[in-house]
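Contents: one structure, followed by commentary.
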Amino acid sequence: MNSSQLDTISVKTSDNVTLGYSVAGLGSRLVAQILDNLLAVPLTLVALLLYGAVASVFVTGSEGAGFADAGAGFFAGFVYFGYFFVAEAVTGGKTPGKSAMGLRVIRVDGSAADFGALAVRNVIRVVDVGVVLVGIVIMFFQPQTRRLGDLGAGTIVVRDRAVVSLAAAVAPPPIILRTPDAGPPIDGLDRIGGFERDALRVFLSRPGLSPKLRADLAADIAKRLLDRLGLPPGAPERLWPPELFIERVYLQLVQLYP
Amino acid sequence: MSLDAFIAERQGRWGALEAAIKTAKRGRLRNQSASEIEQFGLLLRQTSSDLAIARRDHPDAPITEYLNTLCARAHPLLYRGRAWRIGAIGPFFATALPRSFRAAWPYIVASLGLMVIGFIAGWLAVDLRPDLRASLVPPSLFDEMARGQIGTGVQDAPFAAAFIIQNNIRVALICFAGGILLGIPTALVLLSNGWMLGTVAAAVQLGGYNYQFWSLIVPHGILELSVIVISGGTGLMLGDAILRPGQLRRGEALARVAVRAVMLVLGAASLLIIAGTLEAFVSPSSLPDGVKLAIGGTVGVLLYSWLLLAGRQPGRRRVPWFDRPAETPA
């Protein structure tokens, strides 16, 4: 796996298989938060306009206007925080912002976040957002980027997107060839088979080998192959450069055992 | 088995699982038939076992990463708590809420204690320092007492009710949420609420308006203060779970307590709708003081009979998503 231990959590399932979840980072969490705010803030403003319209129709005196004004602030707060709670409860842990970033809330035991857990993390959001920066500071220092609400609810935000598609995972890795030409037929290929073909493919598809190391490995493999093929001491194949020899053996093997 | 043969033999079921994940709507399998869900479970178990094999035999192959992601996406679809349903609201209020109220009694008593301390301190402050009275109590209260009437006749009662309800729900939720900061904000809210009540009560006592004052407070106050005390109790539950996690890790102890606590505070906060309506419509109304006190007393008796007596029969009407089986410590 590419990801380090720090940003994955391991969950042991009831089938006794360990699943690795990659934890959402601070960056994607914040971008998701900004995207959600692009929805939540206009929603709150629209709700406030409606509230104001209702108030202007029904309020009769100065005392009532005072109550209506003071109530408007609370009302805005309920709509704003309610957006996140309702969005998570309806979608099973993906607000539109999280969804766009491929994030999802789950419980730390790997099961889906239920109503109670979502209620906890969204009520505590008031502290995370309301007390200046506390949520972000905690997320910065918490190894799994959990904010206070996540700690209280036993939830964690993970990446929910398929990292590797089946097609990409199944496709054979690219072969690094210097000459695509299979060359003259090599004797004794009937002595080896699919196993050697797979082994050569692993060697030929290894990226990032330094040229010297690759040449050394190739010389070693070519020596063993020459012995396995039982080629006589004077055979021309023994004079080919090892890497060229390996490539030609591989290309001819692929033709023999596709 | 070679990697190619492994993939060729089993990729059919992986594709099927992937397709099943795509059909799950809103993170749930609710729209699927029983046999489809059974099939989903089978596919997930088979794919999990393929993942275990791939981990052992091909730890660095991309297919291992693929299988892990596939299982990780499918797992929460199948493993989840009971869903919240609208039909569970009845049993929740009938049994689960009173039960968790009683289970939380030490915290609720502590919460009440904090409020009483604030009340006594506020009372003493007004009583002992007449020079500070004007800054401790809203001056308008003295004006109203001088005119012989306090707090009667709220204009636009619906807006007053909305304001009061929202403010109290906000206070209740802050009491709960403050628990995450070791309960310190919770304690401050409780002390300051007790303090305010204490200062006003002392000022009214000095002005000789006792009966009229309590007729203004009692109709809604019993309900409202009870809810604030309960909310404070839930905040103290969180703080205590962090400070004294026992055998568990702090995070686990906290999460275990928090789900029960949040349902208690949400249930209690819904009572504030009744309290706020009484506060705006009944308390300042021109009803005789005796009637107001009687209404308050009735509300109090109903509230505490419900909280202390409801749901005592063991095992009856459990709320599936709330009464979770006890989790074993990891």
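Just so it is clear, the structure is predicted and the values come from calculations on it, not from any experiment. Naming convention: chains lettered A, B, ... in sequence-line order (proteins, then strands); numbering from 1 in each chain.
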First locate atom CD1 of I180(B), then atom CG of L148(A), and finally report the distance between them rounded to the nearest 0.5 Å.
5.5 Å

Pair count under 4.5 Å, heavy atoms only, with chain B: among L151(A), T13(A), V120(A), V134(A), highest is V120(A)

Between F163(B), F176(B), W14(B), who has the most heavy-atom pairs with chain A when the cutoff is under 4.5 Å?
F163(B)

Against chain A, label L266(B) side chain, backbone, both or neither, depending on which of its atoms sit under 4.5 Å from a heavy atom there.
side chain

Are F78(A) and I169(B) side-chain neighbours, meaning at least one heavy-atom pair lies under 4.5 Å?
yes

So, for R73(B) and R104(A), which heavy atoms are closest and what is the spacing to 0.1 Å?
O-NH1, 4.5 Å

Most heavy-atom pairs under 4.5 angstrom with chain B, which of A72(A), A68(A), G152(A)?
G152(A)

Any idea which of R45(B), Q11(B), H75(B) has the most non-hydrogen atom pairs under 4.5 angstrom with chain A?
H75(B)

Against chain B, label F75(A) side chain, backbone, both or neither, depending on which of its atoms sit under 4.5 Å from a heavy atom there.
both

Under a 4.5 Å heavy-atom cutoff, which of V127(A), I106(A), V11(A) has the most pairs with chain B?
V127(A)

Identify which of S99(A), G71(A), A153(A), G149(A) forms the greatest number of heavy-atom pairs closer than 4.5 Å to chain B.
G71(A)

With a 3.5 Å distance limit and no angle check, can you tell me whether R55(B) reaches the backbone of T18(A) through a side-chain donor-acceptor pair?
yes

Between Y79(B) (side chain) and G110(A) (backbone), is there a donor-acceptor pair under 3.5 Å?
no

dist N122(A):CG -> L173(B):CG (nearest 0.5 Å) comes out at 11.0 Å

Is chain A contacted by the side chain of I63(B), its backbone, both, or neither, given a heavy-atom distance below 4.5 Å?
both

Please find the pair of heavy atoms, one from P76(B) and one from A112(A), that lie closest to each other, and give the distance.
O-CB, 3.4 Å

Examine whether an atom of A72(B) lies under 4.5 Å from a heavy atom of chain A, and if so say whether it belongs to the side chain, the backbone or both; otherwise answer neither.
both

Heavy-atom contact with chain A under 4.5 Å, split by part of Y66(B):
both

Should L51(B) and L19(A) be marked as a side-chain contact (heavy atoms from CB on, under 4.5 Å) after you check the CA-CA gap, both sets of side-chain angles, and the distance that decides it?
CA-CA 9 Å; L51(B) 169 63; L19(A) 295 182; 3.6 Å; yes

Need one label for L181(B): side chain, backbone, both or neither, based on atoms under 4.5 Å from any heavy atom in chain A.
side chain

